[in-house]
Amino acid sequence: MTASSIRAATVQFEARPGDKDYNLGRIRHFVAEAAAQGVQMLAFPEMCVTGYWFVRNLDRAGLEALAEPVPDGPSVTTLRALARQHGMLIGAGLIERGDDGRLHNTYAVCMPDGQVHAHRKLHAFEHEHIHSGDGYTVFDTPWGVRAGVLICWDNNLIENARATALLGASVLLAPHQTGGTNSRSPHAMKPIPLELWQRRAEDPAAIEAEFRGPNGREWLLRWLPSRAHDNGMFLLFSNGVGQDDDEVRTGNAMLLDPYGRILAETWAAADALVVADLDLTLLPLCSGRRWMQGRRPELYGILTERRGDERNAREARFSEAPVRR
């Protein structure tokens, strides 16, 4: 049956690199906190089980030591048990070892009935041995709506959000590890000094200003609400927070409605849970969904044609060469 609302939550937390026991402990903590507030859908950050940015410095053996199969590896087995126990949808990210031996940046969504939906990041750039996925992930939920997943940079390509919406998603789980990155674009994000994070207790205003400024929330608000608005989806933005190897993640966990309005958010320089009720009665007449009915697919062939300047994800992310005008 379709519910009239869903209580959803998103988490920001500082994962410890390679320390699965600690990270799963933080996940258990926030699952319990969410359950106490009646949460039904809960999103954790990208690669929060394993840790994120440090993996770029590992060799293949180091990556293999972190990787697990999905859905039957120990970490996802833990998540599945939590989802069953609390009747909750729980999503969290890790490094997956596929049946073919390839490694993926994967987000495992565990359902109350024990099912697992695994999304492999479509534009993976973290390591030369982490391969990009090749398909969208959209699935039914017990509350009568379909949900989808896009991981971090997947969300920056607008085609991915539209495709996910066209496959029927009404709720988009958008796990990230972002903020404070060293973008090559002159007016995009820039690094946040590590000492501001390390001195957050002594000078909370300084780190909060960074989290709310152009290296955090201001950058997100240039584009993130449009993914929700233009496609008529609720959006659950989860993110790392704090030190991530040599960078500082800005948290900014938030939930948005299908008009791109922020339902709840935080810019706390700390691990945090953000909760909001998703009013599903907004969906039928929201602007994005109405506008999509006016699409003219016969005009959009250019979106699937190669232009000749395409790069793989790592080249596009790290190349110093300018793009053509």
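No hydrogens, no waters, no symmetry mates; every other heavy atom, side chains included, goes into these values.
- Side chain of Arg120 to main chain of His104: no donor-acceptor pair is present (N/O by atom type, distance under 3.5 Å, no hydrogens or angles).
- Put simply, the side chain of Val31 reaches to within 4.5 Å of the side chain of Ile27, judged on heavy atoms.
- Checked by atom type and distance alone, the side chain of Thr141 never pairs as donor or acceptor with a backbone atom of Arg146 at under 3.5 Å.
- With a 4.5 Å cut-off on side-chain heavy atoms, Arg227 and Met233 do not count as touching.
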Given Met41 and Met88, is the side chain to side chain contact (heavy atoms under 4.5 Å, CB included) satisfied, shown in steps?
-> CA-CA 6 Å; Met41 300 179 68; Met88 190 185 297; over 6 Å; no
Stepwise, does the side chain to side chain contact (heavy atoms under 4.5 Å, CB included) test hold for Leu166 with Met292?
-> CA-CA 9 Å; Leu166 290 173; Met292 280 196 293; 4.1 Å; yes
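- Screening Leu278, Leu42, Leu256 against Leu236 for a side-chain contact (heavy atoms from CB on, under 4.5 Å) leaves a single residue, Leu278.
- Figure legend: Arg317 and Phe125 shown as a cation-pi pair, the cationic atom lying under 6.0 angstrom from the six-membered ring centre and within 45 degrees of its axis.
- Under the rule for a side chain to side chain donor-acceptor pair (under 3.5 Å), Asp203 has no partner lying at least two apart in sequence or in another chain.
- Residues Arg80 and Cys110 are in side-chain contact: their nearest non-hydrogen atoms beyond the backbone lie under 4.5 Å apart.
- Within a 6.0 Å radius of CZ in Arg102, no more than 12 heavy atoms belonging to other residues, nucleotides or ligands are found.
- Between Ser287 and Tyr259, the closest side-chain pair of non-hydrogen atoms falls below 4.5 Å.
- The minimum heavy-atom distance between Ala268 and Val241, with the atom names listed, is O-CG2, 4.2 Å.
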Would you sort out whether Asp21 and Arg26 count as a salt bridge (charged side-chain N to carboxylate O under 4.0 Å, His left out), showing the intermediate values?
-> CA-CA 9 Å; Asp21 288 342; Arg26 296 305 288 153; over 6 Å; no
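- Residues Leu103 and Glu96 fail the side-chain proximity criterion, which asks for heavy atoms closer than 4.5 Å.
- Put simply, the residue from Thr137, Leu172, Leu173 that forms a side-chain contact (heavy atoms from CB on, under 4.5 Å) with Leu150 is Leu172.
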Given Asp271 and Phe30, is the side chain to side chain contact (heavy atoms under 4.5 Å, CB included) satisfied, shown in steps?
-> CA-CA 9 Å; Asp271 294 359; Phe30 282 114; 3.8 Å; yes
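- Panel note: side chain Arg97, backbone Ala67; a donor-acceptor pair is recorded below 3.5 Å.
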Can you check side chain to side chain contact (heavy atoms under 4.5 Å, CB included) on Glu46 and Tyr107, steps first, answer last?
-> CA-CA 7 Å; Glu46 172 186 17; Tyr107 197 73; 5.7 Å; no
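- Within the 4.5 Å cutoff, the side chain of Trp223 has heavy atoms near those of the Asn155 side chain.
- Counting non-hydrogen atoms of neighbouring residues, nucleotides and ligands closer than 6.0 angstrom, the CD1 atom of Ile302 reaches no more than 12 such neighbours.
- Scanning both residues, Ala313 and Trp153, for their nearest heavy atoms gives O-CZ3, 3.5 Å.
- More than 12 heavy atoms of other residues, nucleotides or ligands shown are found within 6.0 angstrom of CG on Asp309.
- For the residue pair Ala35 and His86, the shortest heavy atom distance occurs at CB-ND1, 3.4 Å.
- Checked by atom type and distance alone, the side chain of Ser319 never pairs as donor or acceptor with a backbone atom of Ala316 at under 3.5 Å.
- Under a 3.5 Å cut-off, the side chain of Lys20 and the backbone N or O of Leu66 do form a donor-acceptor pair.
- A single hydrophobic cluster is not seen to contain both Ile151 and Ile130; linkage of ILVMFWY side chains at heavy-atom distances under 4.5 Å, directly or through other members, places them apart.
- Defined by atom type and a distance below 3.5 Å, a donor-acceptor pair is present between the side-chain atoms of Tyr52 and Glu126.
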Please walk me through it: do Asn252 and Gln12 pass side-chain hydrogen bond (donor to acceptor under 3.5 Å, both in side chains)?
-> CA-CA 8 Å; Asn252 299 118; Gln12 62 181 45; over 6 Å; no
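- Counting heavy atoms of neighbouring residues, nucleotides and ligands inside a 6.0 Å radius, atom CG of Asp99 does not exceed 12 of them.
- With contacts defined as side-chain heavy-atom distances shorter than 4.5 Å, the pair Leu89/Trp143 qualifies.
- Under the 3.5 Å distance criterion, the side-chain polar atoms of Glu68 are matched with a main-chain donor or acceptor of Ser75.
- Side-chain N or O atoms of Asn23 include one that pairs as donor or acceptor with a backbone N or O of Arg16 at under 3.5 Å.
- Side-chain atoms of Thr10 never come within 3.5 Å of backbone atoms of Ala253 as a donor-acceptor pair (strictly under, hydrogens ignored).
- Side chain of Arg7 to backbone of Gly38: no donor-acceptor contact under 3.5 angstrom is found.
- A cation-pi geometry, defined here as NZ or CZ lying under 6.0 Å from the six-membered ring centre and within 45° of its normal, holds between Arg212 and Trp267.
- In summary, the side chains of Trp197 and Glu247 do not present any donor paired with an acceptor at a separation below 3.5 Å, with no hydrogens or angles considered.
- Among the candidates Asn105, Asn156, Asn160, the single residue satisfying the side-chain contact (heavy atoms from CB on, under 4.5 Å) test with His123 is Asn160.
- Of all heavy-atom pairs spanning Gly135 and Leu122, the tightest one is O-CD2, 3.3 Å.
- Here the closest heavy-atom approach between residue Glu64 and residue Gly101 is recorded as OE2-O, 4.2 Å.
- A single hydrophobic cluster is seen to contain both Trp53 and Met47, as judged by linkage of ILVMFWY side chains at heavy-atom distances under 4.5 Å, directly or through other members.
- For the atom pair CD1 of Ile192 and OG1 of Thr250, the computed distance is 6.0 Å after rounding to the nearest 0.5 Å.
- Residue pairs meeting the side chain to side chain donor-acceptor pair (under 3.5 Å) criterion with at least one partner in residues 174-190, sequence neighbours excluded, do not occur; the list is empty.
- Closest non-hydrogen pair, Gly251 versus Asn239, comes out as O-ND2, 3.0 Å.
- Grouping the Ile, Leu, Val, Met, Phe, Trp and Tyr side chains by contacts below 4.5 angstrom, directly or via other members, places Val39 with Val11.
- For Leu167, the CG atom counts as densely surrounded, since its 6.0 Å shell holds more than 12 non-hydrogen atoms of other residues, nucleotides or ligands.
- Side chain of Asp257 to backbone of Arg261: a donor-acceptor contact under 3.5 angstrom is found.
- Using modelled atom types and a 3.5 Å distance limit, the side chains of His119 and Asp154 yield a donor-acceptor pair.
- Between Val248 and Phe211, the closest side-chain pair of non-hydrogen atoms falls below 4.5 Å.
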